[in-house]
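FYI, side chains are in, hydrogens and waters are out, and symmetry mates aren't considered; it's all heavy atoms of this structure.
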Amino acid sequence: MQLKDKKLGQRLALATTALLGTQAPEQALAGDGDWKVDSALLYYAEDDDRVKAVEPVISLTREFEDESALNLRIVYDSLTGSSPNGAAIANVAQTFTSASAAARLEGADEEEQEEYAGRGSYTINPGDVPLDPSFEDSRTVLSAGWTQPWGDDYTLSVGGAYSSEEDFTSMSGNVAIARDLNNNNTTLSLGVNLEFDTIEPNGGIPQALGSLSEHNTDGSDDTKQVVDMMFGVTQVINRRWITQLNFGLSQSSGYQNDPYKILTVVDNGNLITDPNDSERYLYVFENRPEDRQKLSLYWQNKFAIGSNDVIDIGYRYMTDDWDVNSHTLDLTYHWQPLEHFYLEPHYRYYTQTAADFYEPFLNAGSEVDISGTDVTALVNEASSDPRLAAFSANTFGVKAGFPLRQDEEISVRLEYYQQQDDNSTKAVGAGSDLDGMSQFTELKASWIQVGYSFRW
Amino acid sequence: MLRLISRSLLLLAICAGLSACAGVKPWERDLLAKPQMELDPHPLQSAFDDHIYFSKEASSGGRGFGGGGCGCN
């Protein structure tokens, strides 16, 4: 029992520090002298042949005699499919030049020429969502973390991560401290994370709100820095109830745009012929503010039911200075009728308001000035990225787990995600190209995950 | 913003108050010590989901440091 208590105290201390850092709480509880291995494979697919991803991950944890712990993790992510380019759905056919595919064609070898030749430009049928078919990327993430007790009541943790994609690199480092109080019934924690990102888009950094056909650039790369701070309290309320409250602040500065996203420019709902390219309609690249401050409040409760079942209820409120406010509710029931079998039904509800610069398209005259061949945006920021729109989403999932013995488990999980449009419709002229067309594409996605954990 | 901060502080005060009167003794921790009672019992699963939602929604983080390591903004 003493051992259990020691482990629980450790767990409580680590729970918060680990959540503040990159490491997982229970992983730090691996026994002396061997590694705990957690591995999983994720397959993610969006409806309508959009993005597909395959993502294997492996995590190694080793705990040492002084209760310090090391965690190493590697994630590989392979992405393919079609991604919305940001243009509005219209009842006429639209042809686009893919900035990323065109850039790949420059200096590409024969094999790549063949692969991307058909994707340099693409035509979208009337009524269809404009999807860029050249979406393809892979991501590798390496992370490491170290947790160390400090005196009787403190736990320190430090960690770092490196992530690399074809056009994006991210480096981050974090440090957190946790203090146990009230005989390990309370843990206070404080953590800081610093992140440095570099983006080098195919085709360069497009000029903010510049036209797609001209494709003027502002250099080849840009950077972003993010500082996150988090304060957390973990509290054992009674024998069956543990709660955690986290308060987070985030400041992001630098290049926040999606360099591949464009907006349609219309005249009373009708597409406009590009003054610099008579065979194409007019589109401009997006632009977002260079700074973003976010504040989040996260509250999680776990209730033990009977001797093996658990209810997990989480709620998050987030607000930022882009006018995005969101609420997230997450419910999981851990039902364990047998020692070697459990089921976890899961439900998540999410809702967000739109960013103040979200626009499904831009109007010529009031938002974009067209004089001769000069196209000048009259707004400072605009993006049609559906991630910045108003929507709600439901996720339904279920997981089956088979604990084989201590620290050995096989699991399989299925999740289904569906968004609902909550935007007010932006006015278009009756009978125009955009009249009657959806201004937001509701995303549907599902994913399956298989996992195996063991000692090595 | 101020209202949110004051509410958070109130919640923290309630938690602190509860802890003062309801200390759980070591021999009462049998249920709390079970793996399914951990705050994040499946860290790899949480990381997958955080990354998916970070890529498709405007919010991230809360549970821990969110986002990052992805050019998908």
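Residue contact with chain B, scored on non-hydrogen atoms closer than 4.5 Å, involves the backbone and the side chain of A:Lys302 alike. Only the side chain of A:Leu443 has a heavy atom closer than 4.5 Å to any heavy atom of chain B. Interface remark: A:Val226 contributes no atoms to any contact with chain B (heavy atom separation under 4.5 Å). Only the side chain of A:Asp77 has a heavy atom closer than 4.5 Å to any heavy atom of chain B. Using a 4.5 Å cut-off between heavy atoms, A:Ser252 does not touch chain B at all. There is no contact between A:Ala445 and chain B, counting heavy-atom distances below 4.5 Å. Using a 4.5 Å cut-off between heavy atoms, A:Tyr162 makes no contact with chain B at all. For a residue to count as touching a neighbouring chain, one of its non-hydrogen atoms must lie under 4.5 Å from one of that chain's; by this rule A:Glu46 touches chain B with the side chain only.
Taking the charged nitrogens against the carboxylate oxygens, A:Asp38 and A:Arg73 have no contact shorter than 4.0 Å, which rules out a salt bridge.
Listed options A:Leu388, A:Val57, A:Val75, A:Thr328 were ranked by heavy-atom pairs under 4.5 angstrom with chain B; first place goes to A:Val57. Most heavy-atom pairs under 4.5 Å with chain B: of the set A:Asp312, A:Asn301, A:Asn308, this distinction falls to A:Asn308. Among A:Arg348, A:Gln352, A:Gln419, the residue with the largest count of heavy-atom pairs under 4.5 Å with chain B is A:Arg348. Highest contact tally toward chain B, considering only A:Gln336, A:Arg316, A:Met318, is held by A:Arg316 [criterion: heavy-atom pairs under 4.5 Å]. When each of A:Arg413, A:Glu415, A:Lys399, A:Glu409 is scored by its heavy-atom pairs under 4.5 Å with chain B, the top score falls to A:Arg413. Most heavy-atom pairs under 4.5 Å with chain B, from the set A:Ser307, A:Ala389, A:Gly451, A:Ala393: that is A:Ser307.
In summary, the aromatic rings of A:Tyr350 and B:Tyr53 are positioned with their centroids too far apart to meet the 6.0 Å limit. With ring centers used as reference points, A:Trp299 lies 6.0 Å or more from A:Tyr315.
The minimum heavy-atom distance linking A:Val233 with A:Asn246 is given by the pair N-OD1, 4.4 Å. Contact between A:Arg239 and B:Leu32 at its shortest, heavy atoms only, is O-CG, 3.5 Å. Pairing each heavy atom of A:Thr395 with each of A:Trp447, the nearest pair is CG2-CH2, 4.4 Å.
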Worked check of side chain to side chain donor-acceptor pair (under 3.5 Å) between A:Ser326 and B:Ser59: CA-CA 7 Å; A:Ser326 75; B:Ser59 309; 2.7 Å; yes
- request: Could you check A:Tyr44 against A:Gln449 for side chain to side chain donor-acceptor pair (under 3.5 Å), going step by step and ending with a plain yes or no?
  value: CA-CA 9 Å; A:Tyr44 168 90; A:Gln449 176 198 321; over 6 Å; no
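Defined by atom type and a distance below 3.5 Å, a donor-acceptor pair is missing between the side-chain atoms of A:Ser392 and A:Thr351.
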